[in-house]
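One structure is given here, and the rest of the page talks about it.
Here is how names work: the chains are called A, B, and so on, in the same order as the sequence lines, proteins then strands, and each is numbered from 1. As the structure is a computational prediction, the values presented were derived from the model and not from experiment.
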There are 2 protein chains.
Amino acid sequence: MSVKRNTWQKDAVRHALSEAIGFVGAQQLHQVLRNHGSTIGLATVYRALADLATNGDADSLQSQDGELLYRACTTDHHHHLICRSCGLTLEIEAERVEAWADEVAAAQGFVNPTHTIDIFGTCSACHERNIA
Amino acid sequence: MSVKRNTWQKDAVRHALSEAIGFVGAQQLHQVLRNHGSTIGLATVYRALADLATNGDADSLQSQDGELLYRACTTDHHHHLICRSCGLTLEIEAERVEAWADEVAAAQGFVNPTHTIDIFGTCSACHERNIA
DNA sequence: CGCGGTATTGACAATCATTATCAATAACCC
DNA sequence: GGGTTATTGATAATGATTGTCAATACCGCG
């Protein structure tokens, strides 16, 4: 059986992620760490992030261009409203929907439900720019 | 300026997509077309799907493993409840949530809102198998 | 109906994020 | 400290998607 070991690499990734603002990609996080003098490997960053996500210490979602993004998990769970054009991201509350999602899952006999809810649109600034 | 032309390839993709059940990947759709004797190229399938999505004739979302999936746009809009373990997919109604999503987007000044709402969980069969 | 300009196609190469490989390293229990 | 083995990291492999570009075929026009 596998016994988890603590390494400075995992701590570094966890720390870097908690410092990051919003969602960050693995490649991006790796660059940040290298820029700070770390010699951590890219594959290790990927593994550490996957672990964090598995353990529920990080959330993940896919960006529009297919990159997997991570965010340090905070106690308050929320979702995103994202501008298709400029990428502006707003956090939104979704209490009503949280409950609904769990209900639906339970009604079909599904256990341990999670969900991805993201709303895309064109923010007012981008919309006006397109008209002008 | 570019003038759109109608080709049998675009029709083939549009048709294949409308025949498909649920969401389909570009690679998968390409295989289906080839199996039906078509000589259409993979790149063309990608381009046709991208066009359909741009024109609002198709919806797209990213699967868990990073593949881009498309679905013919129908009037009835629904979402999915997906088993993490066996991939079983159930369609779910989400009227309450549709309205909520549009409200939230509008409240922040976003126009032309779309959303991705998917619920993941472990279906009862897979859950029992894991226990046994 | 045939012609010409050009949008479109398709085979293939290139790209990019992510995952697998595997020898070397270092964490942890004793 | 020493041995076991989880973990690391350089690199290769994977797989979806996009770029390239000559060849093709669509469509308006005569």
Side-chain angles (χ1 to χ4, degrees), chain A residues 1-17 20 22-55 57-71 84 87 116, chain B residues 1-17 20 22-55 57-71 84 87 116:
Chain A
M1 202 65 91
S2 56
V3 179
K4 285 277 172 96
R5 293 179 184 176
N6 294 326
T7 61
W8 62 266
Q9 286 95 337
K10 287 180 184 173
D11 284 340
V13 171
R14 201 194 326 268
H15 185 251
L17 188 60
F23 282 86
V24 221
Q27 313 265 353
Q28 187 182 344
L29 207 55
H30 179 239
Q31 272 309 318
V32 170
L33 286 163
R34 300 295 275 235
N35 291 345
H36 278 270
S38 174
T39 62
I40 195 170
L42 177 59
T44 304
V45 175
Y46 274 100
R47 283 185 290 242
L49 285 174
D51 278 357
L52 288 175
T54 301
N55 298 353
D57 293 329
D59 277 347
S60 68
L61 65 76
Q62 305 222 17
S63 74
Q64 290 299 85
D65 57 326
E67 196 178 354
L68 204 45
L69 303 179
Y70 293 90
R71 173 193 64 175
R84 249 190 298 267
T116 64
Chain B
M1 201 65 90
S2 55
V3 178
K4 286 275 171 103
R5 292 179 185 177
N6 294 328
T7 61
W8 63 266
Q9 286 94 338
K10 286 180 184 172
D11 284 340
V13 170
R14 202 196 322 271
H15 185 250
L17 187 60
F23 284 87
V24 221
Q27 313 266 353
Q28 187 182 344
L29 208 53
H30 179 239
Q31 273 309 315
V32 170
L33 287 163
R34 300 296 274 237
N35 291 345
H36 279 269
S38 174
T39 61
I40 194 170
L42 177 58
T44 304
V45 175
Y46 273 101
R47 281 184 289 241
L49 286 174
D51 278 356
L52 289 175
T54 302
N55 297 352
D57 293 328
D59 275 348
S60 67
L61 66 76
Q62 307 223 15
S63 74
Q64 288 298 87
D65 56 327
E67 197 179 352
L68 204 45
L69 303 180
Y70 294 91
R71 172 191 65 176
R84 248 192 298 267
T116 65

### Task
Classify the side chain of A:R5 and the base of D:dT5 as holding, or not holding, a donor-acceptor pair under 3.5 Å.
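Such a pair is found, so the answer is yes.
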
### Side-chain-base donor-acceptor pair under 3.5 Å for A:R47 and D:dG9
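Pair found.
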
Just how far, in rounded Å, is [atom2] of [N] from [atom1] of [X]?
X	N	atom1	atom2	value
A:Q31	C:dC16	CD	C1'	14 Å
A:E67	D:dT18	CD	C1'	16 Å
B:L42	C:dT15	CG	C1'	15 Å
A:Q28	C:dC16	CD	P	16 Å
A:K10	D:dG9	NZ	P	12 Å
A:I40	C:dT25	CD1	C1'	15 Å
A:D11	D:dT8	CG	C1'	15 Å
B:N6	C:dT8	CG	P	10 Å

### Residue met sooner reading DNA chain D from 5', once A:D51 and B:A50 are mapped to nucleotides
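Looking at the nearest nucleotide for each, A:D51 comes out on the 5' side.
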
### Query
What's the closest nucleotide to the B:A43 side chain, out of C:dG10, C:dA17, D:dT17?
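Looking only at side-chain atoms, B:A43 lies closest to C:dG10.
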
### Task
For A:H30 and A:I40, indicate whether the former's side chain and the latter's backbone hold a donor-acceptor pair under 3.5 Å.
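Such a contact is found between A:H30 side chain and A:I40 backbone.
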
#### Entry: Under 3.5 Å donor-acceptor, A:K10 side chain and A:R5 backbone
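Yes; judged by distance alone, with no hydrogens or angles, the pair exists.
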
### Task
May I ask you to say what A:Q27 touches in the nucleic acid, namely base, sugar-phosphate or nothing, with a heavy-atom cut-off under 4.0 Å?
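If one applies the 4.0 Å heavy-atom cut-off, A:Q27 turns out to touch a base.
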
### Task
Give B:T7 one of three labels, base, sugar-phosphate or nothing, depending on what nucleic acid heavy atoms sit under 4.0 Å from its own.
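Counting heavy atoms under 4.0 Å across all strands, the contact made by B:T7 is with sugar-phosphate only.
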
For [N], does OP1 or OP2 lie under 4.0 Å from any side-chain N or O of [X]?
X	N	value
B:Q9	C:dT8	no
A:K4	D:dA6	no
A:Y46	C:dT19	no

Identify the two heavy atoms, one from [X] and one from [Y], that lie closest to each other, and give their separation to 0.1 Å.
X	Y	value
A:A12	A:L33	O-CD2, 3.9 Å
B:L42	B:A26	CD1-O, 4.5 Å
A:L17	A:Y70	CD1-O, 3.8 Å

